[in-house]
Participant: 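Provided herewith is a single structure, encoded as structure tokens, for subsequent inquiry.
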There are 2 protein chains.
Amino acid sequence: MVTMRDVAERANVSIATVSFVLNGTKRVAPETRTRIEAAIEELGYRRNVVARALASSRTRILALLHPDLEARPNATVIQFVMSAAHGARERGYDLVLWPVNGDEQMSHLLAGGLVDGALLMEVQIHDPRVDRLIASRLPFALIGRTEDEDLPFVDIDFVTTIDQALAHLRSYGHRRVALVTQRTKAPSGHEPGRIMRVESAYRDAMAALGEPPAVITVAGTSAGGREAARALAEDAPEATAVILVNEGASAGLVKGSRELGRSVPGDLSVISASTTAELGEMIEPSLTVMAAPAPQLGRLGVNALIDQLEGVQDALPHILIPCTLVPGQSVGPARPS
Amino acid sequence: MVTMRDVAERANVSIATVSFVLNGTKRVAPETRTRIEAAIEELGYRRNVVARALASSRTRILALLHPDLEARPNATVIQFVMSAAHGARERGYDLVLWPVNGDEQMSHLLAGGLVDGALLMEVQIHDPRVDRLIASRLPFALIGRTEDEDLPFVDIDFVTTIDQALAHLRSYGHRRVALVTQRTKAPSGHEPGRIMRVESAYRDAMAALGEPPAVITVAGTSAGGREAARALAEDAPEATAVILVNEGASAGLVKGSRELGRSVPGDLSVISASTTAELGEMIEPSLTVMAAPAPQLGRLGVNALIDQLEGVQDALPHILIPCTLVPGQSVGPARPS
DNA sequence: CTGAAAGCGCTTACAG
DNA sequence: CTGAAAGCGCTTACAG
């Protein structure tokens, strides 16, 4: 292994000077710099990141705290992960996967000194991980929000997303629009913040329109989607359209409706929000989708975190981006009532 | 920050002794050990992983070299990633995401000293990443295989998978079965090994059955699936069933067939191999699937790598696991010809 | 502009 | 069974 010492010897300087040119931390005479750069090149030298981390107490490693992804459709989560990995790499950081199941994982994260900061996905309304991060003073950024919106976050703008979905449906004559959200195994208060925010955005919008709301909550699976179809038919038969914020249930909802003799979009128009167009295309008919800004949010989250670490930030980042409408074939004119 | 020195002082021993009990590397008198453990507990000490890595030249970090995942369905890849992350954590290792796009990323990996080993996904028949890993002597394990099967790998047993899929179809009376595989942007020889292996397993099996093969290669997208449906109808009209090894094209194939007036499974039976049951359920009709053993393979791959690092291995691991048949509604009796 | 030296927090022969 | 000390490969005040 070629070390900084080797480079220093070949260039006839001290290792300190080598370090200065490598990091650009101090000015170095042009000839000296050239000599060092030549030596680096000739020896194929690459700085040892572990030694650097120990000496500088900065590892340039970030943790990505993510939920356990299951086999069910997870297109948006994948986009978060991938865009975060790329964003980190572009700024010279590495991203380590940190599946958090309990306290043991958090201790390893906080006390081991491996990471400079953490990026949290699937943030809960009241998130114990956030409490522990704050207590330990490890820098972090959220993809999503807790109750406390003073923390650095990037998130989907659900208010605008719901408003646009409703506007789209209303342009087709729909007035009674139901909402299908996701049920999780998490105890109350620990659901992803998204679920609460979507529901309240929907209720506000419906109230403003003077229409009665109808909210159905089901698991994020095909079976959940079928359950939603049944609940719609039985409990909200007057709804001619539905906004779905439940990626995993979208296929089941359409299949279940058809099984109940309700065609999409003939009898029921469907918009699936916070998902990807590719997933919508898998379904028959292709779903009209509000595509999640996941590719942007992963990057923005990483950048918010790194800015914080490097002291670049002016203020705490509070970034909200709405989903984008991608029309498919699942929205049609409201059936006359 | 509480260091080993703090623990040593409180327990009235040297830091060497603390290190010995922490690592179990040398026997320590029971009373001494108890004293040290108490001190660790009281101080809430946790070993600094960076210092440990520098001193021991083992970082206990593994790199997961993965392709760029796009928005299209990627259920099996996700299962690989998640099970690898869990497997690593269970053995005390961390997993860092390593999207490899070019040589720059490989250099960073090989020379930076950050990782003890690498796990490769989407291995190509001739994979330049493998060449570089071998040259650099960084330990690695493959999820998939290159041409050279002497390297440590875990992979799907495509021969058995294809045989079982064919047997299932033949039990429904199908004799002419086509294969749909995936086209990639990669130059020839650099496709994922899977594609070549699936095709040759299929050709061998069809030859053994005395039936003519028909192979169609399309992109892993909905549009690709539609293209496959068209090609099947035009170029292989005698095929009454198709085995699909192209997760992203599955939905498009079914939708495209229907658009051409061919119903599934009435006119065409479909088995989607190397995917997940959950994805199959999203489609109408629910696809009969050969579920990929992705949750096992991620773990097995990590374990193979760690065994190698820790010298536990007896021999190079060459592990093959077939997919598992999960019946759906996309296979029916062959139409009379 | 450059260097000698301390130090980051551990592990690990080597002595005793 | 335990300790003193060298060393892992860097960064960073401090001197000059």
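These values consider heavy atoms only, across backbone and side chains, with no hydrogens, waters or symmetry-generated copies. Within every chain, numbering begins at 1; the chains are lettered A, B, ... in the order of the sequence lines, protein sequences first and strands thereafter.
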Participant: Taking only Lys NZ, Arg NE, NH1 and NH2, and the carboxylate oxygens of Asp or Glu, determine whether D94(B) and R89(B) approach each other closer than 4.0 Å.
Facilitator: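 Judged by the 4.0 Å cut-off on N to carboxylate O distance, D94(B) and R89(B) do form a salt bridge.
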Participant: Give a yes or no on whether a salt bridge exists between E122(B) and R145(B), defined as a side-chain N under 4.0 angstrom from a carboxylate O.
Facilitator: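 Looking at R145(B) together with E122(B), the answer is no, because their closest N to O distance does not fall below 4.0 Å.
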Participant: If you measure only the distance, is there a donor-acceptor pair under 3.5 Å linking the side chains of N303(A) and R91(A)?
Facilitator: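 R91(A) and N303(A) do have a side-chain donor-acceptor pair below 3.5 Å.
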Participant: Are any of T32(A)'s side-chain N or O atoms less than 4.0 Å away from OP1 or OP2 of dC1(C)?
Facilitator: no
Participant: Under a 3.5 Å cutoff on both atom distances, Watson-Crick or G-U, what's the dot-bracket for DNA chain D ([ ] crossing, | other strand)?
Facilitator: |||.||||||||.|||
Participant: Is there a side-chain contact (heavy atoms from CB on, under 4.5 Å) between I125(B) and T146(B) once you walk through the steps?
Facilitator: CA-CA 4 Å; I125(B) 303 185; T146(B) 58; over 6 Å; no
Participant: Starting from the C-alpha separation in whole Å, work towards a yes-or-no answer on side-chain contact (heavy atoms from CB on, under 4.5 Å) for L142(B) and L120(B).
Facilitator: CA-CA 5 Å; L142(B) 310 177; L120(B) 272 74; 3.9 Å; yes
Participant: Looking just at side-chain N and O atoms, do D116(A) and T59(A) make a donor-acceptor pair shorter than 3.5 Å?
Facilitator: yes
Participant: Compute whether any side-chain donor of one residue and acceptor of the other, for D155(B) and H318(B), lie under 3.5 angstrom apart.
Facilitator: no
Participant: Does CZ in R58(B) sit with more than 12 non-hydrogen atoms of other residues, nucleotides or ligands closer than 6.0 Å?
Facilitator: yes
Participant: Assign V13(A) to base, sugar-phosphate, or nothing according to its heavy-atom contacts below 4.0 angstrom with the strands shown.
Facilitator: sugar-phosphate
Participant: Protein within reach of the bases, or only the backbone? For nucleotides 7-14 of chain C, mark each nucleotide 5' to 3' as B, S or -, using heavy atoms under 4.0 Å.
Facilitator: BBBBBB-B
Participant: Does T17(B) have a side-chain nitrogen or oxygen under 4.0 Å from the phosphate oxygens OP1 or OP2 of dG3(D)?
Facilitator: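 The answer is yes; a side-chain N or O of T17(B) sits under 4.0 Å from OP1 or OP2.
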